[in-house]
Amino acid sequence: MTYQKPNFRHPLAPTNNLGLSRREYEGALSTLCAGCGHDSISNAIITACFENSIEPHKVAKLSGIGCSSKTPTYFLGNSHGFNTVHGRMPSVTTGANMANRDLTYIGVSGDGDSASIGLGQFAHVVRRNLNMLYIVENNGCYGLTKGQNSATTDLGSISKSGNANKFSPIDLCNLSMQLGATFVARSFSGDKDQLVPLIKAAMSHRGFAFIDVISPCVTFNNNPGSKKSYDFVREHQEATSNIDFVPMQQEITTQYDAGTTQEVTLHDGSVIHLHKPIDGFDIHNPRTAMRAMKDHQERDEILTGLLYVDTDPVDLHDVINTNSKPLNSLTKEELCPGNKTLQSINESLR
Amino acid sequence: MTYQKPNFRHPLAPTNNLGLSRREYEGALSTLCAGCGHDSISNAIITACFENSIEPHKVAKLSGIGCSSKTPTYFLGNSHGFNTVHGRMPSVTTGANMANRDLTYIGVSGDGDSASIGLGQFAHVVRRNLNMLYIVENNGCYGLTKGQNSATTDLGSISKSGNANKFSPIDLCNLSMQLGATFVARSFSGDKDQLVPLIKAAMSHRGFAFIDVISPCVTFNNNPGSKKSYDFVREHQEATSNIDFVPMQQEITTQYDAGTTQEVTLHDGSVIHLHKPIDGFDIHNPRTAMRAMKDHQERDEILTGLLYVDTDPVDLHDVINTNSKPLNSLTKEELCPGNKTLQSINESLR
Amino acid sequence: MSKVIKVNNTSSERNSASISGINEFVVKFANINGTGSASANNMFAKAVFRMGLPISPKNIFPSNIQGLPTWYEVRVSEKGYLARRDGIDIMVAMNPQSLAGDVASVLPGGYLLYDSTKTIDLRLVRNDITYIGLPLTDICRREYKDARQRQLFKNIIYVGALAALLDIDFTVLTGLVSDQFKGKEKLIAPNIHALELGYQYANKNFSCPLSIRIEKRDLVGDKILIDGNSASGLGAVYGGATVVGWYPITPSTSVIEAFEKYAKRLRIDPGTGAINYATVQAEDEIAAIGIVIGGAWNGARSFTATSGPGVSLMGEFLGLAYFAEIPVVLVDVQRAGPSTGMPTRTQQSDITAAAYSSHGDTKHVLLFPSTPKECFDMTADAFDLAERLQTPVMVMSDLDLGMNDHMSEPFEWDDDRAYDRGKVLSAEQLDELSANGKKFGRYLDVDNDGICYRTFPGAHPDKGSFFTRGSSRDPYAVYTEDGAEYVANMERLIRKFETAKEYVPKPEQKLAGKRASKRGVIYYGTSAAATEEAIDLLKEKGINLDGLRVRAFPFNKDVEDFIEKHDTVFVVEQNRDAQLRSMLINELEVSPKQLPKVLNYDGSPITAACICENILEQLTEKEAC
Amino acid sequence: MSKVIKVNNTSSERNSASISGINEFVVKFANINGTGSASANNMFAKAVFRMGLPISPKNIFPSNIQGLPTWYEVRVSEKGYLARRDGIDIMVAMNPQSLAGDVASVLPGGYLLYDSTKTIDLRLVRNDITYIGLPLTDICRREYKDARQRQLFKNIIYVGALAALLDIDFTVLTGLVSDQFKGKEKLIAPNIHALELGYQYANKNFSCPLSIRIEKRDLVGDKILIDGNSASGLGAVYGGATVVGWYPITPSTSVIEAFEKYAKRLRIDPGTGAINYATVQAEDEIAAIGIVIGGAWNGARSFTATSGPGVSLMGEFLGLAYFAEIPVVLVDVQRAGPSTGMPTRTQQSDITAAAYSSHGDTKHVLLFPSTPKECFDMTADAFDLAERLQTPVMVMSDLDLGMNDHMSEPFEWDDDRAYDRGKVLSAEQLDELSANGKKFGRYLDVDNDGICYRTFPGAHPDKGSFFTRGSSRDPYAVYTEDGAEYVANMERLIRKFETAKEYVPKPEQKLAGKRASKRGVIYYGTSAAATEEAIDLLKEKGINLDGLRVRAFPFNKDVEDFIEKHDTVFVVEQNRDAQLRSMLINELEVSPKQLPKVLNYDGSPITAACICENILEQLTEKEAC
Ligand SMILES: Cc1ncc(C[n+]2csc(CCOP(=O)(O)OP(=O)(O)O)c2C)c(N)n1
Ligand SMILES: Cc1ncc(C[n+]2csc(CCOP(=O)(O)OP(=O)(O)O)c2C)c(N)n1
Ligand code: SF4
Ligand code: SF4
Ligand SMILES: [Mg+2]
Ligand SMILES: [Mg+2]
């Protein structure tokens, strides 16, 4: 059941460059458990889109199946959404993107959805560098089917029923980087300050942008011993750097300290500012990122923040050289070669 | 059509410790193209099993679909074989292994079979550390469906039709290492001296052993510009080290030069000798292997040989603590709790 | 009745008299999911059961973890009718979100229990039902400090109150609490206290018992109360399953959970503590069935449990298992399709998808359990059947059967029963064969029943090995593209399917009178209870229907005979497209006109009333023509 | 005939006379795959076609790349019969591996061409056929140095010899060579030379032409020769497909290859050179159909092509597309199942798997092309249909149709034809709607035809957005678990399926006489040519059958009427389980007894003789009863 929120906008509510209030970026009332990390991520998406003045109808939201995959109903109520089948959001998004390259695609998935049943599709959408933001709301368990371990459940993490997980987890950031992802980040649903600019930057990235957001499941995996609980993540999180995002054409007003801040200019002209990066971390080198991640992992720490970005990515449309006009807008005249051509084809077949 | 070879053994044919000749390790006549790399791999498997005195009926051969996946018909004619469906050999092998832990499992697959449709199953069988030898006969194309590019086709590799591949390849060695494989090697179908000891060692490894064997497709991907052609691989191959394998309980007769040789003792007591390893290469450290592979890849070189081995692996049976007696041999008495227990269960349900 | 009835905030007089009914009524609990109401409601149901009365509880829950409306419906029927019945006699309305609908669903003359701590919305007051206010929040606020405790015990308190209102023996409740908290004795006293709070409040404030109430009977005999999924899981343990591949999906997950629960207790190697089974939570359903195929190929009894979407994903592999003749067992706990559909609602709508799963000419064996006892038996038997027939066998359960408790015959196991492993050649038999100058052929139809002999990998050093494949092969398992060989093999598979008819369970016939009636009704699985009740109801109206409960596909001779003997045979199903009916028509070459459809597929378990109405309508129409 | 006949190594005299036949015979080529015989054999077939004669060539090839037997059968029929015909008149036996079988398959009085460089095995000499020895290896050894050239030209040489033996105009061959090597002119002369080598050798050594031979006619009119897959690919280009997701699988791969070939030429943006389509080679079939669903959802005409195993894998997604109402187009080029089956043999055995693909109650629209022209038309039309009906449409081709050349009506396109995008609301229409005070409901059945209005993502800044899902929803696309809403939606989908009957192509009727006969025969797809030939053959025997070629599912009124008007309607199919027949019975509520089956499913294209025999047998049986 979905409760549509009352469609009332406070007259004094602040508006963005498009004259829209934050409310216009919200969706239906969430039906997730109170305190679920996923709701915070929905909120971060709402904030990012609102603050970045994204036109809601220019966004398409897609997901698989799971608590996480339900969330597109809970943000951007004015965008078209598609809740596909379990683990197959990547392929549907691929088709959608091929049909209309002018929209912004947000794919939301869960760790079960992406690392188990959907691992193949995940790997291949990365490989194709599809222009989209792909968010995994990673709670290390299957929320909707009541808490089974997933393929991202950490080694030794204790489940609600008290058992330690004995399989080593799949690290989706690491994997995506190895498969050639051009924007990779990890964050925490409880860390809005980091997550919001990451989402903004990812949406400006013209290629595959992946964010693995650790998002505790309060009902099935927030117990002591769980390595995806709020407490554990808060205690073990370290950021690669602090991050700020300045959209294209917006003047940079804050003063940054040259020594400790790095500027990353994206393809569309927007700028990411990274403050106080950890030692030796090079945002443009996937190998240092992978190394740093492994190092942290060995220390049972979670490295968050922007891990890698390629500022000049070649997305799938570039690779296959598609028309810049969306394919779904081509007319019969542009698509159909006509009868004359057909008759000459006939001729060649006699 | 399969032609059964004449069942004739030359009286003077050498025999192994079991008194079997090499012929008894052969299978049906191959129907692959003359010169296909896959046939050399079948030969290497035959040699390895023969020389290691493996009891043929204690081996189960499984595969997916493809030219590569046809090959289990062409070796070990006295073993049971199972040609499953495309990309799904890993799961079938998992079930088979769960049913009978006492057999040796050889899984044969292709790059299409494992890196495309089967990528999810591949990743998860690695993660579970199933005790098996998993060989990908990697020709960088779909042989059986007439030469389409696969997900392992190298960037820029020229296909027979003359087009350069624009997608970056999936490196299955790298991937499997990242997912926790406990024995990882790469080889070349044309390099019998390296491949045979690798197969022997892999079969002695008590956990997931992966060998990615570059195996040129003479019909569709052996053209100039292909990075999986015989010529290209011969010219760009570098080995981590030379390798010798001494099975358990066999005396070591060769003299090895202490300085340049490393001994690796496997769980079952057999020993791998690595001669002249490349600089700084640590066979027990997946990170150095991954680094070396990337380094080579960046130089357009192919690093072959044993890349990583964990000599004390914990396989899936260990993890779940299965009975050491094969499950398929348990009797009704061991399996069925009987009516008395059932009546007490009834009692608890009233 | 002086103390009952009046809602504090309304003076409207009740128009109709209260329903009175002893041991024949429906109580419904309206809760919010995630608030712990389930165990309290179960306790209520079980208490009635222990009062010696047949009950059938139904969960109606959302596809959601917390915060949405959820209901629990308990029908009490001393006549022994176990189907769902429409219309609520007593509504325990604990969820403000769903209150309006809950009030509306009470039958005139019925009762509504509510939390009277807050006053009820005036618009929701009907004057033809009785409102019983329990100040639950108040009581809990007074009694408990902890918020979670307040929430949990609220449920126990209304159960206590119900006990008083319906005249349930309080000692039955205390007995239940003691059973439930065996091993956690600390929890017994607080629970009993909470029950007492409700019991006493009701006794003090209302004239208990109500006109609707329980009277002790002795009508349940040695029956047990269990859900079908637990029974299936237990059946798999008894059936000797050792390899399990699975992937979580509602409503099938608890089959595997039950298997593991029982196996963890009953399948431990006494010497080492190692386990005598292997369950692999696969990465998806394709891998799950792959694991099962691998295990079965290698001689271990293997199974999986899934629901519709999983069955769809398993199609390619099921075709392999059919063609390569691998004895896999699959429990399909059906839910409302198509696609994701209504994942927490029941349906019988995977019937054709399962029977003909996969491309090409394929057919699979199906079993249709109606009760937990049958879930147990059929799951255990499925392994014998699958190995005897060397083909997939699917147990077609559904959400209603699988996830609700049902009153059932107790389980039984014949300790002398041996597992039927079917035609498997041992090393000795292989040696004997070649001593007799015969060659082993995996796909040779030696016995002319379509079933060939198989061998397990590793069985013999140099005999009996063969190559298994999904492609065409000759009788010696050698790959062939020869058309005649292909056809011979396909015809053999049909022969095998014919043979299957002798092995699958026979239908159960219920004649209306001593002699066969002209009209019959065919039903299966969870449509059984409602149809059998409908048969009784129709008989009261002078319409005699012979009943036939089909228990398996392929349909055996008895099904054919039944249809032949009746001019009209209604087919009752819980799907839109009359799926089993289409199989009856096709496989038995029956005229469709002879088999009118009776369908209900709204996701709720079918009711007798719905069946009656539907049949009556069709009969009147016919007469009108 | 003095110079022909004698095999060098046998003196046995021929017992029976040579078959004589002008323009009515079958030539079969037996080769080894990977030796380049295909293009030579094609050249032969096309030459006959250019002689003005109807032909139907069939490839019979293994699931293998190199070294195994492969055959090419060409039926020449001036009567215009295009089905396969059993029995070989002339065998070009180029493969020692298959020689024994090839010799055996020649009709008494027929001919066998072989390479006489080596002497033929005495055991393979029949005295009722004529052996024609061509010293091919010798000639090639003499003429060519390069091994590959020797192999390739051997094929061209026997084509040259055949031309002499069968009296094919040599200029037709030279014309073909010139056409074939347009752009590679260097290759023309050597090929013509090779043809001449054979032509002259035959003329010199045998009395040409044979009693079996070609005479020029003018019987092919403006017909074209093309395989169905190329036609489908081209149809997709004309139908406006822009998004393609696919995964290689025989025999469907060439549909996509053809699409790409034509699109690369015809779908380039003139300004930029960018492409006006996107084909994604997916990682598997699940992803392929996912891509198609995504593209179609987003307003691009999208399709995939696959075969049986792919259809099985796509089941879950096809259910989503049905329920979420996404207009996807799928070309299923069927091969022999089940499982991997015989991947290079033909069958019509995915019919029910496709029609009812997915769990739950689902039904899909199918089209059944019989010719390349219909492959073209139906693939193009499928996009209109899918968008009109907002549901998957599957074009059910098969290996025989898809991978063999067929003589076909030429393609045609009406340049005035607009694409029917179905019910899509533009931004203006959305504004208008709300100006009229109406609310957009994605699943509101405004027109009462079961088809609702959709909008494309991004269409309007603040109107018309909705959420697409595979789960139950109300008319405004809001998630619901309400049973009544669910049922209303499911009933609407049935209503839509009823509507579909008006849109899908009508069957084609062939009355035996002026008035309807009592007996009829229904057939579809590649069973058409053989069935129509069988109708003629039966008529000669005094048995009149009216024919109905079914072209789509759901079946429209005309199909129903046809069955109603005939007492007995045979149903001809190339599968074991009489799949279309079972759909006719179920969907039209017909008595099975009225529809006897005529089946052939050995993987070879069905023949008229097989159909005749089968029908005659059933008719005699009936009369015997
Ligand atoms: C094909 C298929 N298999 C299984 C399911 C059942 N299912 C629903 S959600 C889910 C797992 C969800 O886990 P995750 O993606 O991590 O999401 P979360 O609920 O944890 O956010 C599963 C297995 C399904 N819907 N479809
Ligand atoms: C489900 C399914 N999809 C597609 C195919 C067709 N197919 C057969 S083999 C193959 C690819 C084989 O490539 P690879 O695994 O690399 O093996 P190779 O032939 O190159 O050794 C494909 C796509 C199939 N058999 N099954
Ligand atoms: S079950 Fe877990 S993941 Fe699902 S809504 Fe509740 S807290 Fe979130
Ligand atoms: S096509 Fe390629 S992979 Fe297949 S058998 Fe021939 S050479 Fe080997
Ligand atoms: Mg999760
Ligand atoms: Mg390959």
Side-chain angles (χ1 to χ4, degrees), chain A residues 1-2 4 24 28 55-58 60 62 72-73 77-85 88 90-100 102-103 120-121 123-124 128 316-317 320-330 332 334-343 345-346 348-350, chain D residues 222-226 234 237-238 240 242-243 245 266-267 269 272-278 280 282-284 286-287 290-300 302 316-317 320 410-415 418-419 455-462 465-471 478-481:
Chain A
M1 232 151 294
T2 314
Q4 217 60 43
E24 268 131 328
E55 291 178 279
H57 73 296
K58 292 287 188 195
L62 295 100
T73 310
N78 275 321
S79 307
H80 273 66
F82 197 163
N83 194 182
T84 67
V85 287
R88 319 295 181 187
S91 62
V92 178
T93 311
T94 303
N97 185 309
M98 289 301 97
N100 185 356
D102 280 357
L103 302 185
Q121 294 218 340
H124 281 89
R128 293 192 188 99
L316 181 53
H317 281 289
I320 65 176
N321 188 28
T322 335
N323 199 332
S324 59
K325 204 171 147 189
L327 294 178
N328 72 353
S329 70
L330 298 175
K332 194 202 94 182
E334 288 163 296
L335 295 174
C336 184
N339 193 44
K340 217 179 122 198
T341 305
L342 196 56
Q343 293 317 313
I345 291 173
N346 278 336
S348 71
L349 300 169
R350 283 178 185 133
Chain D
D222 61 353
K223 296 224 166 54
I224 56 175
L225 199 62
I226 189 173
L234 185 60
V237 172
Y238 273 77
T242 51
V243 175
L266 306 171
R267 278 281 194 75
D269 186 58
T272 59
I275 61 175
N276 279 335
Y277 64 97
V280 182
E283 58 274 27
D284 61 16
I286 299 180
I291 288 166
V292 174
I293 288 174
W297 172 74
N298 217 357
S302 308
E316 190 195 14
F317 251 144
L320 173 72
F411 304 134
E412 260 178 283
W413 188 262
D414 174 2
D415 284 332
Y419 292 149
T455 59
F456 294 147
H460 192 289
D462 53 29
S465 74
F466 68 94
F467 209 84
T468 305
R469 45 166 61 89
S471 46
V478 175
Y479 181 73
T480 178
E481 292 173 356

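Below, chain A is the first sequence line, B the second, and so on; all start at residue 1.
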Please determine, among [options], the option with the most heavy-atom pairs under 4.5 Å with chain A.
{"options": "D:Ala287, D:Ser465, D:Ala278, D:Ser302", "value": "D:Ser465"}
{"options": "D:Tyr419, D:Tyr238, D:Trp413", "value": "D:Tyr238"}
{"options": "D:Trp297, D:Phe466, D:Tyr277", "value": "D:Trp297"}
{"options": "D:Gly273, D:Gly470, D:Gly245, D:Ala282", "value": "D:Ala282"}

Fill in: Matching residue for A:Asn323 among D:Asp269, D:Thr242, D:Ile275 - test: side-chain contact (heavy atoms from CB on, under 4.5 Å)
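The passing option is D:Asp269.
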Worksheet entry | A:Arg88 vs D:Leu320 side-chain heavy atoms within contact, under 4.5 Å |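 A:Arg88 vs D:Leu320: side chains apart.
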Worksheet item: Mind checking whether D:Ile293 and A:Phe82 have side chains closer than 4.5 Å, heavy atoms only?
Response: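 Contact flag for D:Ile293/A:Phe82 side chains = yes.
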Can you tell which part of [X] gets under 4.5 Å to a heavy atom of chain D, answering side chain, backbone, both or neither?
{"X": "A:Thr93", "value": "neither"}
{"X": "A:Leu327", "value": "both"}
{"X": "A:Gln121", "value": "both"}
{"X": "A:Pro72", "value": "both"}

Worksheet item: How many angstroms lie between atom CG of A:Leu349 and atom CZ of D:Phe411, to the nearest 0.5 angstrom?
Response: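 So the gap between those two atoms works out to 6.0 Å.
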Among [options], residue most engaged with chain D (heavy-atom pairs, under 4.5 Å):
{"options": "A:Asn328, A:Asn346, A:Leu316", "answer": "A:Asn346"}
{"options": "A:Gln343, A:Arg128, A:Met98", "answer": "A:Arg128"}
{"options": "A:Thr84, A:Leu330, A:Val85, A:Thr94", "answer": "A:Val85"}
{"options": "A:Ala60, A:Ala96, A:Pro56, A:Ser329", "answer": "A:Ala96"}

Practice prompt. Please assess A:Ile345 against D:Ile226 for the test side chain to side chain contact (heavy atoms under 4.5 Å, CB included), listing each intermediate value before the final yes or no.
Written response: CA-CA 11 Å; A:Ile345 291 173; D:Ile226 189 173; 5.8 Å; no
Portion of [X] that has a non-hydrogen atom of chain A nearer than 4.5 angstrom:
{"X": "D:Ile286", "value": "both"}
{"X": "D:Ala418", "value": "backbone"}
{"X": "D:Phe317", "value": "side chain"}
{"X": "D:Val280", "value": "side chain"}

Item to complete: Carefully, step by step, assess A:Asn321 and D:Thr272 under the rule side chain to side chain contact (heavy atoms under 4.5 Å, CB included).
Response: CA-CA 10 Å; A:Asn321 188 28; D:Thr272 59; over 6 Å; no
Worksheet item: Just by distance, do the side chain of A:Lys325 and the backbone of D:Asn276 share a donor-acceptor pair under 3.5 Å?
Response: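 No.
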Worksheet item: Checking A:Asn339 side chain against D:Asp415 main chain: does a donor-acceptor pair fall under 3.5 Å?
Response: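 Not at all, since once roles are kept as given, no pair shorter than 3.5 Å links the two residues.
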Fill in: A:Glu24 and D:Asp462: CA distance, side-chain angles, deciding distance, side chain to side chain contact (heavy atoms under 4.5 Å, CB included) verdict
CA-CA 9 Å; A:Glu24 268 131 328; D:Asp462 53 29; over 6 Å; no
For the residue pair [X] and [Y], what are the closest heavy atoms and their distance?
{"X": "A:Arg350", "Y": "D:Pro410", "value": "NH2-CB, 3.5 Å"}
{"X": "A:Asn78", "Y": "D:Pro461", "value": "CB-O, 4.4 Å"}
{"X": "A:Glu334", "Y": "D:Arg267", "value": "O-CD, 4.1 Å"}

Discussion item. Is there a side chain to side chain contact (heavy atoms under 4.5 Å, CB included) between A:Asn100 and D:Phe456? Walk through the geometry before answering.
Written reply: CA-CA 10 Å; A:Asn100 185 356; D:Phe456 294 147; over 6 Å; no
Fill in: Any residue meeting salt bridge (Lys or Arg N to Asp or Glu O under 4.0 Å) with A:Lys58, in chain and number order, not counting sequence neighbours
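Expected list: none.
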